[in-house]
K.L.:
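Once you've had a glance at the structure underneath, I'll fire off some questions.
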Amino acid sequence: MRVLLIEDDINLGRATAESLRCSYATDWVQSAEEAKNALATVSYALIVLDINLPGISGLEFLSRLRNQKDQTPVLLLTARDSVRHRVEGLNTGADDYMVKPFDLDELLARCAALIRRSNGIGTPLITHKNLTYEPASGYLQLEGKVVSLSGRERAIFDCLIRNIGRIVSKNKITESIYDWSSEEIESNTIEVHVASLRRKLGRDLIKTQRGVGYLIE
């Protein structure tokens, strides 16, 4: 799951990006122009957008995004706390709104809710056969027993469990779990993590479609 953070304040941007990376691959840019370039090359599950950006404002960027029929969920960040400003942001096309300073745990919870709704998942829990999974926290049970996953394992599992019955290509998995801050990716990294998931969750859970990708049926 990959998120785009657009925030020009260095300290706040760094802290927010680090927090988001606990749950998502996160690309952080500091202007609308950089964001435009990022969106031209990467597909994001969510955009976290500051209103007060240099050059093109966050609201103008959001307006242009919606005029282009881009329906990526957008969470606005702003220091403006009046009802008028909140209404303006929501009417421009934002899906949610947080006023600075904000709690990072609440930010993560709101991000999870927006992504869940955009995927058509009304409940915070995903159940499949003998598995129960909570995307927001990464809490996972197999036959009632808690299963601990590494960060990369969780990211791959999350990508597959949100696409039950659909093949997810290796390239899409790689794009969704590695952001620009990641070190160079080994060619067999995904295969190694999938093998580990199979050891923890059962060999038959994740199917391989050779030359195409992986799926959970």
Side-chain angles (χ1 to χ4, degrees), residues 1-10 12-14 16-17 19-21 23-100 102 106-122 135-136 155 158-160 162-163 166-182 213:
M1 196 67 59
R2 197 159 176 172
V3 169
L4 178 63
L5 170 64
I6 312 170
E7 170 60 68
D8 68 312
D9 184 285
I10 298 297
L12 180 59
R14 182 179 294 114
T16 305
S19 179
L20 287 169
R21 285 180 181 133
S23 299
Y24 311 104
T26 303
D27 296 329
W28 170 31
V29 298
Q30 297 175 46
S31 70
E33 189 61 35
E34 290 178 297
K36 179 182 176 182
N37 293 336
L39 287 165
T41 58
V42 179
S43 177
Y44 292 98
L46 175 70
I47 298 171
V48 180
L49 173 64
D50 179 34
I51 284 183
N52 295 316
L53 295 174
I56 300 171
S57 72
L59 286 181
E60 177 61 25
F61 173 80
L62 175 58
S63 178
R64 294 181 185 183
L65 196 71
R66 294 309 189 221
N67 286 338
Q68 294 166 359
K69 308 303 181 184
D70 188 322
Q71 296 303 312
T72 304
V74 173
L75 172 61
L76 280 182
L77 303 178
T78 183
R80 305 173 183 175
D81 61 355
S82 72
V83 172
R84 179 176 64 82
H85 286 131
R86 291 198 296 272
V87 170
E88 182 183 16
L90 294 170
N91 283 342
T92 302
D95 298 275
D96 202 354
Y97 199 106
M98 292 191 71
V99 177
K100 301 175 183 177
F102 51 83
E106 181 182 358
L107 173 67
L108 287 173
R110 286 175 180 258
C111 288
L114 288 175
I115 292 172
R116 190 169 64 242
R117 288 203 297 268
S118 72
N119 288 336
I121 302 171
D158 187 276
C159 186
L160 294 173
R162 292 175 186 272
N163 291 279
R166 297 192 294 269
I167 299 173
V168 183
S169 70
K170 180 180 174 181
N171 285 342
K172 184 172 182 179
I173 293 173
T174 301
E175 180 183 285
S176 69
I177 69 173
Y178 290 100
D179 56 49
W180 299 334
S181 67
S182 303

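Since this is a predicted model, take the numbers as computed values, not measurements.
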K.L.:
Evaluate the side-chain proximity of Leu20 to Leu108: yes if any heavy-atom separation is below 4.5 Å, no if none is.
P.N.:
yes
K.L.:
Report the distance from atom OH of Tyr97 to atom CZ of Arg110, rounding to the nearest 0.5 Å.
P.N.:
11.5 Å
K.L.:
Could you tell me which non-hydrogen atom of Glu7 sits nearest to which non-hydrogen atom of Asp9, and how far apart they are?
P.N.:
OE2-N, 2.9 Å
K.L.:
Over all heavy atoms of both residues, which pair between Ala45 and Pro73 is shortest? Give the atoms and the distance, please.
P.N.:
O-CD, 3.4 Å
K.L.:
On a heavy-atom basis, which atom in Cys111 and which in Leu75 lie closest, and how many Å separate them?
P.N.:
SG-CD2, 4.0 Å
K.L.:
Please output the side-chain donor-acceptor pairs of residues 53-66 that fall under 3.5 Å, not counting sequence neighbours, one pair per line with the distance.
P.N.:
{"unit_1": "Ser57", "atom_1": "OG", "unit_2": "Glu60", "atom_2": "N", "d": "3.1"}
{"unit_1": "Glu60", "atom_1": "OE2", "unit_2": "Arg64", "atom_2": "NE", "d": "3.0"}
{"unit_1": "Arg66", "atom_1": "NE", "unit_2": "Gly93", "atom_2": "O", "d": "3.1"}
{"unit_1": "Arg66", "atom_1": "NH1", "unit_2": "Asp70", "atom_2": "O", "d": "2.6"}
{"unit_1": "Arg66", "atom_1": "NH1", "unit_2": "Thr72", "atom_2": "O", "d": "2.9"}
{"unit_1": "Arg66", "atom_1": "NH2", "unit_2": "Thr72", "atom_2": "O", "d": "3.0"}
{"unit_1": "Arg66", "atom_1": "NH2", "unit_2": "Gly93", "atom_2": "O", "d": "3.0"}
{"unit_1": "Arg66", "atom_1": "NH2", "unit_2": "Asp95", "atom_2": "OD2", "d": "3.0"}

K.L.:
What distance do Leu77 atom CG and Leu49 atom CG have between them, rounded to the nearest 0.5 Å?
P.N.:
7.5 Å
K.L.:
What is the minimum heavy-atom distance between Arg21 and Thr26, and which atoms define it?
P.N.:
NH2-O, 3.0 Å
K.L.:
Please determine whether the number of non-hydrogen atoms from other residues, nucleotides or ligands lying under 6.0 Å from atom NZ of Lys100 exceeds 12.
P.N.:
yes
K.L.:
Would you compute the distance between atom CG of Leu160 and atom CZ of Arg162 and round it to the nearest 0.5 angstrom?
P.N.:
11.5 Å
K.L.:
Any side-chain heavy atom of Thr78 sitting closer than 4.5 Å to one from Arg86?
P.N.:
no
K.L.:
Drop me the distance from Met98's CE to Thr16's OG1, to the nearest 0.5 angstrom.
P.N.:
9.5 Å
K.L.:
Minimum heavy-atom separation for Gly89 to Leu76, with atom names?
P.N.:
CA-CD1, 3.6 Å
K.L.:
Okay, side chain of Ser118, backbone of Ile115: is any donor-acceptor separation there less than 3.5 Å?
P.N.:
yes
K.L.:
Where do Leu107 and Phe102 come nearest, in terms of heavy atoms and distance?
P.N.:
CD2-CE1, 3.8 Å
K.L.:
Starting from the C-alpha separation in whole Å, work towards a yes-or-no answer on side chain to side chain contact (heavy atoms under 4.5 Å, CB included) for Leu46 and Tyr24.
P.N.:
CA-CA 10 Å; Leu46 175 70; Tyr24 311 104; 5.8 Å; no
K.L.:
With a 4.5 Å heavy-atom cut-off, do Ile6 and Asp50 have their side chains touching?
P.N.:
no
K.L.:
Any chance you could measure Asn163, atom CG, to Lys172, atom NZ, to the nearest 0.5 Å?
P.N.:
5.5 Å
K.L.:
Could you walk me through whether Arg2 and Val42 pass side chain to side chain contact (heavy atoms under 4.5 Å, CB included), step by step?
P.N.:
CA-CA 9 Å; Arg2 197 159 176 172; Val42 179; 3.7 Å; yes
